[in-house]
There are 2 protein chains.
Amino acid sequence: MARAGVTAERLTLAAAELADEIGMENVTVAALARQFGVKDASLYFHIRNAHDLRVRVALLALTELADRVASALAGRAGKDALVAFANAYRTYANEHPGRYAAMQIDLDPETAAASAGVRHAEMTRAILRGYRLAEPDQTDAVRMMHSTFHGFVSLEKTGGFRHTPRSTDDSWARTLDALDAVLSNWPA
Amino acid sequence: MARAGVTAERLTLAAAELADEIGMENVTVAALARQFGVKDASLYFHIRNAHDLRVRVALLALTELADRVASALAGRAGKDALVAFANAYRTYANEHPGRYAAMQIDLDPETAAASAGVRHAEMTRAILRGYRLAEPDQTDAVRMMHSTFHGFVSLEKTGGFRHTPRSTDDSWARTLDALDAVLSNWPA
DNA sequence: GGGTCTAGCCTAGTCACCCTAGGTAAAAAA
DNA sequence: TTTTTTACCTAGGGTGACTAGGCTAGACCC
């Protein structure tokens with residue numbers, strides 16, 4: 001009997017790819033086992049349970065996204081950085097809908113604190129340095145930015161914009177313009 | 001054998017309440033049947049399948065939210081209307097997390113077109129009349145508004161803001177100020 | 001090289017949920 | 001009252017999550 005060579009890492013990666021193809025809600029332990037030509041029970045040697053698997057995918061996605069954002073941000077500042085960040089975020093979400101969906105499950109505090117979500121938050125704040133916002137405006141602005149990005153991408157995916165003919169790419173570009181405008185002139 | 005008096009409407013309402021209590025992902029046909037003191041198979045006389053049930057909850061939520069927004073909006077205009085709309089939206093989402101989650105499932109085009117989501121969109125446009133935006137800016141602004149609201153509420157719920165001490169209520173208020181500012185001075 | 005240990009698979013079985021088929025009793029209609 | 005329809009039932013199949021316990025290939029040790 002040859003071994004399948006399953007590891008938690010390979011399982012996580014396969015789950016992430018499966019999620020992008022068939023949707024996160026359809027990623028089951030059983031389906032994953034089938035892909036590896038292994039019985040579902042065998043996977044519990046590598047992962048604790050189905051939730052653990054999803055958390056692993058979420059952490060993978062957070063790391064990948066943080067990496068992309070980081071390289072998109074390199075050498076940029078101001079609106080340039082804002083747009084680069086936003087596009088990296090949206091592109092990742094659209095290219096990897098399953099991974100993005102996984103990112104939305106809420107991690108318990110310790111896990112979240114140890115995740116790449118922290119890097120993400122730091123980079124967001126870095127962008128705002130170009131806009132010279134003091135606390136607590138900075139926190140409010142970070143929250144608004146993140147809300148706008150997540151909200152747009154999320155609505156785009158679930159078809160919230162489908163009924164209007166206007167190009168979503170154009171709306172996205174104008175939304176970033178608007179965001180840059182408020183950040184440049186944050187109301188007192 | 002007394003009848004339980006189950007109807008699709010009562011099922012939908014019970015499912016919505018159950019969703020708010022235990023989370024939409026835990027609302028199962030079996031659990032719902034238990035609440036009515038009935039076997040799970042019996043529910044299929046009233047609903048087509050589990051997905052149908054979720055769609056019904058989504059439509060219920062969309063209608064309830066549209067009603068709330070409509071009454072919040074009555075007699076208001078400009079920033080006043082914006083804030084009223086936004087607060088009605090956020091309050092509903094926070095009071096009814098399960099219903100709000102149900103709203104996020106993507107409806108097929110015909111169902112969506114017949115839903116209260118349409119009223120929602122109309123009301124959003126009505127708010128923008130106070131800001132005198134022409135197309136396609138209006139559509140872009142509608143999308144940005146909706147993205148901001150949905151994103152904020154969604155991140156608030158999944159704990160995306162938890163790691164910063166700043167009050168989310170305050171951030172929300174400032175986000176609305178910022179939104180009002182850009183809408184008043186939409187970049188060309 | 002032989003013995004041991006353990007990682008990595010297995011089978012078997014439980015339980016929950018979704019859903020279908022076909023039966024039966026209560027309520028409504030004729 | 002008889003008939004029809006409505007609202008429930010039992011029985012059973014399929015899938016998925018997960019546990020307990022068994023077997024084996026290969027690493028490690030003497």
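From a predicted model like this one, the values you see are computed outputs, not experimental measurements. First the proteins, then the strands, lettered A, B, ... as listed; each starts at 1.
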| said: Looking at C:dC17, I'd like to know if its phosphate oxygens (OP1 or OP2) sit under 4.0 Å from a side-chain N or O belonging to B:R34. | reply: yes

| Within this structure, what is the CG-to-C1' distance between A:L18 and D:dG16, rounded to whole angstrom? | 14 Å

| NZ/NE/NH1/NH2 to OD/OE distance under 4.0 Å, A:D170 and A:R174 | no

| Greater than 12 external heavy atoms within 6.0 Å of A:R132's CZ | no

| remark: Atom OH of B:Y44 and atom C1' of D:dC9 are separated, to the nearest Å, by 15 Å

| query | Rounded to the nearest Å, what distance is computed from the NE2 atom of residue A:H51 to the C1' atom of nucleotide D:dC18? | reply | 16 Å

| said: For B:E135, is there an ion pair with A:R166 - N to carboxylate O distance below 4.0 angstrom? | reply: no

| OP1 or OP2 of D:dC8 less than 4.0 angstrom from a side-chain nitrogen or oxygen of B:H46, does that happen here? | yes

| request: Take the protein atom CG of A:N26 and the nucleotide atom P of D:dA17, then report the distance between them rounded to whole Å. | output: 11 Å

| query | Which listed nucleotide (D:dA17, C:dT11, C:dC19) is nearest to the side chain of B:A41? | reply | C:dC19

| Listed nucleotide nearest any side-chain atom of A:F45, set D:dT6, C:dC18, C:dA7 | C:dA7

| request: Report yes or no: is the cationic atom of A:R143 (NZ for Lys, CZ for Arg) under 6.0 Å from the centre of the six-membered ring of B:F161, at an angle within 45° of the ring normal? | output: yes

| note | Taken to the nearest whole Å, CD1/A:I22 to P/D:dT15 is 15 Å

| said: At 4.0 Å (heavy atoms only), tell me whether A:N49 reaches a base, stays on the sugar-phosphate, or touches nothing. | reply: sugar-phosphate

| query | Salt bridge check: are A:K157 and B:D106 linked by an N-O gap of less than 4.0 Å? | reply | no

| note | Taken to the nearest whole Å, CD1/A:I47 to P/D:dC18 is 8 Å

| task | Name the nucleic acid region contacted by B:A31, choosing base, sugar-phosphate or nothing; use a 4.0 angstrom heavy-atom cut-off, strictly under. | result | nothing

| B:A30 side chain: which of C:dA7, D:dA17, C:dC17 is closest? | C:dC17

| message | So, does B:S42 get its side chain near the phosphate of D:dC9, meaning an N or O under 4.0 Å from OP1 or OP2? | response | yes

| message | Nearest whole Å is fine: how far is C:dC9 C1' from A:D40 CG? | response | 12 Å

| said: Side chain of B:K39, heavy atoms from C-beta onward: which of D:dT10, C:dC17, D:dG16 has the nearest atom to it? | reply: D:dT10

| In terms of side-chain heavy atoms of A:V29, which of D:dC9, C:dC9, D:dA17 is nearest? | D:dA17

| request: For B:T28, answer base if it contacts any base atom (sugar-phosphate contacts may also be present), sugar-phosphate if it contacts only those atoms, and nothing otherwise; contact means non-hydrogen atoms under 4.0 Å. | output: sugar-phosphate

| Starting at CD of A:E25 and ending at C1' of C:dC17, how long is that distance when rounded to a whole Å? | 17 Å

